[in-house]
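Okay, so here's the structure we're looking at.
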Amino acid sequence: MNNTLLKPAPWTAWRTYKTAAKETRSIIANERDHTKVFLDDLSAELWHAIEKGISYQNLYTLAEELEVAEELDGLLTEFKELGLLVDPDHNGNNKPLPVPTAKPLEFADNIKPENDFQYWVMSQGFMYATHWELTYRCNERCVHCYNPGAAHSDLEKPSRDNNELSTEQVIASLKRLAEGGVFNLTLSGGEIMLRKDFFEIVAAARQLGMAVNIYTNGLKLDEVAINRLCDLWPSTVSFSIYSHVPKVHDDITRVSGSFDKTIKALKTMNERGVRTSLKSVQMSHTLKSYAGTLELAKELNASPETEIGLSPGIDGAIAPMLMSTSNPQELILAAMTEGFPIFVGTEENNYGEFIKDQKATVCGAGYAGLNFSANGSIYPCNSLTINSGNLHNDDPLDIWHSALSQRAKITEAQKSNLKETEKTVALNETTKNLAAWQDVRLEDYEECSTHLRCRWCTKCPGMSLMETGRALAPSTTNCRTANARMFAALLLRSGETKESVAIAFNLAKDYGSQPPSERPEIPEPARGKANHLDPRTSLESLKKADETDQSQTYITSNGETWLKYGSKWNVESLKAFEPIRAQFTSLQIKMD
């Protein structure tokens, strides 16, 4: 027993955090049986020693120093029973177990304890999660792609930025991220598997103990590739599927046969015991058939991860946004329909109404960790392109720690009531934008939380940035969806049903279970900066309005202010809702 080498089982992902106050906590994911274990104090100290491999004798010596030697054997037995340790007596017992019944993300097992753990990690100044778009190259040509250089019509040719990091640069950055605390790593593209070093990168991340999540279209996942990937024990593999109708999906990806190839890869991965998810953004022509896509996810035992928010491209292309469902009647009906991504719920959850804390952040961008683009740019989020450095020249952990230090300076300056210019004078140019962003709270936004609809909004500052060039501005997509959810909630509270509203709107009662429509053609003039949607990269510029495009106000015929300062698109999207209230006399409530 003394010579036994103790080390984590190959199917585990792990990370241990030690604070300045000498508090120790660990998270361990068993990717074989899809469970997570959370440790603290002495058990976390002992596990931390096991992470890099340690002999039983040396571990016992450590346990003696910690005064828990008598408990060591019992703890190791528990670790073995949980499948967390290599067991030399059961070398062949390494096959993945069947994937448990898939659930939507918000109902997934372990989500609350992991969220609580993540909040603690963030509060201690560690990174927890990272999303890395390793390439913009892709073997599909999706009409709604938001990556820079994407082609959105048959007349366009893609122009991808190929200034990608080398394998050595990627692995070096991964090592630094692991030192900074990163446990969850999401890898995507473009199509991530177009990188020839894909498996080498995943293997490196797994050796560092990271839980690796992969976004793919699955077109390169043949039998050999599936076997290699399964041997690396990814946490999840998410497949992009846009409709349950093969022809409709292929028309969106503009690759014939892509539906069948993606479905085959997803099914095989799931059958091999790897958790899968079906990622699907719904568009103006597919939303009415969403129930079929949801049923497909259920049949495939893939967790449905769906949304309806389409944004302009990072390079300013507005074509993707024009694929969004903009009809307020359809959106309201969708928000009243269980299973839809914007469903408000029932009386039990107050029909989705939630009053937000003005002192809170609106999302995790830049707080849980850093995100990286294919060309190495460091951002709070890959849709929130606030320039915070570049991996070609900068160390991600240095950027993170520098931002934390700069943010502390901002906080101290605020306590001292210094002027804005004095707050920023000492900030390092590379990290001041990230530090300033981390200091932003809901009360800093121009419009958000000032209207009744805001109680139903899931604010995305990245969406605002890509639509308007300003992260703190109102987003047409967010405001429109929030308005639809608000109307749906108020209608349900007033006694209306999905069926009665469908009749009033002259829409089918089985909305959501209808065949999809023909995909709309996006006009060529909608490309790029022709509409002045040019996302910028510094926080200072995001706070400055373009008077031409962002100075609109909308006051309803009832004298209610629905928009104080926004874009013409935002005005038009909100104005479309006003006739609906006149249609329902029960909606006699102030909405501003």
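We're numbering straight along the sequence, starting at 1.
- Judged purely by atom type and a 3.5 angstrom limit, Thr306 has no side-chain atom pairing as donor or acceptor with the backbone of Ser280.
- Listed by chain and number, the residues in a side-chain hydrogen bond (donor to acceptor under 3.5 Å, both in side chains) with Ser238 are Ser277 (sequence neighbours excluded).
- Side-chain atoms of Glu443 and Ser449 include no donor-acceptor pair closer than 3.5 Å.
- In plain terms, the two heavy atoms of Ser464 and Ser475 that are nearest each other are OG-CB, 3.4 Å.
- Judged by distance alone, with hydrogens and angles left aside, the side-chain atoms of Asp444 form a donor-acceptor pair with the main-chain N or O of Arg441 at under 3.5 Å.
- Side-chain N or O atoms of Glu467 include one that pairs as donor or acceptor with a backbone N or O of Thr477 at under 3.5 Å.
- Counting heavy atoms from C-beta on, the side chains of Tyr367 and Pro380 never come closer than 4.5 Å.
- In this structure, Tyr445 and Gln358 have side chains that are not in contact, with every pair of non-hydrogen atoms separated by 4.5 Å or more.
- Put simply, the side chain of Asn213 does not reach to within 4.5 Å of the side chain of Leu185, judged on heavy atoms.
- Rounding to the nearest 0.5 Å places OG1 of Thr236 at 8.5 Å from CG of Asn184.
- Taking the ring centre of Phe354 as origin, the terminal cationic atom of Arg455 falls outside the region bounded by 6.0 Å and 45° from the ring axis.
- Within the 4.5 Å cutoff, no side-chain heavy atoms of Thr458 are placed close to those of Asn478.
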Practice task
Take Ile28 and Leu39 through the side-chain contact (heavy atoms from CB on, under 4.5 Å) test and state the conclusion after the steps.
Solution key: CA-CA 8 Å; Ile28 313 168; Leu39 306 174; 3.7 Å; yes
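- Residues Arg485 and Glu353 are not paired through a salt bridge, judged by the lack of any N-O separation under 4.0 Å between the basic side chain and the carboxylate.
- Smallest separation of non-hydrogen atoms from Leu59 and Ile54: N-CD1, 3.7 Å.
- Shown here for Pro341 and Glu307, the closest heavy-atom pair between the two residues is CB-CA, 4.0 Å.
- No hydrogens or angles considered: nothing links the side chains of Thr468 and Arg470 as a donor-acceptor pair under 3.5 Å.
- Note: Leu174 CG to Glu179 CD = 11.5 Å, rounded to the nearest 0.5 Å.
- Listed for the Asn349 side chain is a donor-acceptor partner under 3.5 Å among the backbone atoms of Thr346.
- For Phe372 and His131, the ring centers sit 6.0 Å or farther from each other.
- Between the side chains of Gln124 and Tyr119, no donor N or O sits under 3.5 Å from an acceptor N or O.
- Annotation: Phe79 is in aromatic contact with Trp47 [ring centroid separation under 6.0 Å].
- In summary, the side chains of Thr135 and Glu191 do not present any donor paired with an acceptor at a separation below 3.5 Å, with no hydrogens or angles considered.
- No donor-acceptor distance shorter than 3.5 angstrom exists from the side chain of Thr12 to the backbone of Pro8, with no hydrogens or angles considered.
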Practice task
Show your reasoning for whether side-chain contact (heavy atoms from CB on, under 4.5 Å) applies to Leu442 and Cys448.
Solution key: CA-CA 7 Å; Leu442 179 58; Cys448 303; 4.0 Å; yes
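- Leu384 CG to Cys460 SG: the interatomic distance, rounded to the nearest 0.5 Å, is 7.5 Å.
- Stacking of Lys279 on the aromatic ring of Phe239 is not recorded, the 6.0 Å distance cut-off and the 45° axial limit not both being met.
- Using a 4.5 Å heavy-atom cutoff, the side chains of Tyr379 and Trp437 are not in contact.
- A donor-acceptor pair is defined here as one N or O able to donate and one able to accept, closer than 3.5 Å; no such pair exists between the side chain of Arg15 and the backbone of Ser26.
- A distance-only check finds no donor-acceptor pair linking the side chain of Asp394 to the backbone of Pro396 [under 3.5 Å].
- Not one N or O on the side chain of Asn350 forms a donor-acceptor pair closer than 3.5 Å with the backbone of Gly352.
- Side chains of Arg25 and Lys18 form no contact here, defined as non-hydrogen atoms less than 4.5 Å apart.
- For the pair Val170 and Leu391, the minimum side-chain heavy-atom distance is 4.5 Å or more.
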Exercise for the section: For side chain to side chain donor-acceptor pair (under 3.5 Å), just list the numbers for Asn433 and Gln438, CA-CA rounded to whole Å, side-chain angles, deciding distance to a tenth of an Å, and then say yes or no. Expected result: CA-CA 9 Å; Asn433 289 330; Gln438 290 174 337; over 6 Å; no
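- Checking each of Arg275, His34, Met210 against Ser235 for a side-chain contact (heavy atoms from CB on, under 4.5 Å) leaves exactly one that passes, namely Arg275.
- With Lys356 contributing its side chain and Cys457 its backbone, the two residues share a donor-acceptor pair below 3.5 Å.
- Residues Asn147 and Gly190 approach most closely at ND2-N, 3.0 Å, considering heavy atoms.
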Exercise for the section: I would like to know whether Tyr136 and Cys138 meet side-chain contact (heavy atoms from CB on, under 4.5 Å); could you show each step before the answer? Expected result: CA-CA 6 Å; Tyr136 287 140; Cys138 194; over 6 Å; no
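- Checked by atom type, the side-chain pair Thr167/Glu200 shows no donor-acceptor distance below 3.5 Å.
- Residues Lys7 and Gly53 come closest through the heavy atom pair CB-CA, 4.0 Å.
- A distance of 11.0 Å separates OH in Tyr128 from CE in Met122, rounded to the nearest 0.5 Å.
- The structure places CD1 of Ile201 at 11.5 Å from CZ of Phe199, a figure rounded to the nearest 0.5 Å.
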Exercise for the section: Check the pair Ile192 / Trp132 against side-chain contact (heavy atoms from CB on, under 4.5 Å), numbers first and verdict last. Expected result: CA-CA 10 Å; Ile192 180 66; Trp132 197 335; over 6 Å; no
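- Put simply, the side chain of Tyr17 never gets that close to the backbone of Ile27: no donor and acceptor are under 3.5 Å apart.
- Between Glu164 and Arg195 there is a salt bridge, with a side-chain nitrogen of the basic residue lying less than 4.0 Å from a carboxylate oxygen of the acidic one.
- No hydrogens or angles considered: nothing links the side chains of Thr276 and Lys267 as a donor-acceptor pair under 3.5 Å.
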Exercise for the section: Starting from the C-alpha separation in whole Å, work towards a yes-or-no answer on side chain to side chain donor-acceptor pair (under 3.5 Å) for Thr24 and Glu45. Expected result: CA-CA 7 Å; Thr24 306; Glu45 288 279 0; 2.9 Å; yes
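- Rounded to the nearest 0.5 angstrom, Leu331 CG and Ile308 CD1 are separated by 5.0 Å.
- Nearest heavy atom pair, residue Pro234 against residue Val274, reads CG-CG1, 4.0 Å.
- Residues Met127 and Trp400 form a side-chain contact, since some pair of their non-hydrogen atoms from C-beta on lies under 4.5 Å apart.
- Summarising the local packing, CD of Gln169 is surrounded by more than 12 heavy atoms from other residues, nucleotides or ligands at distances under 6.0 Å.
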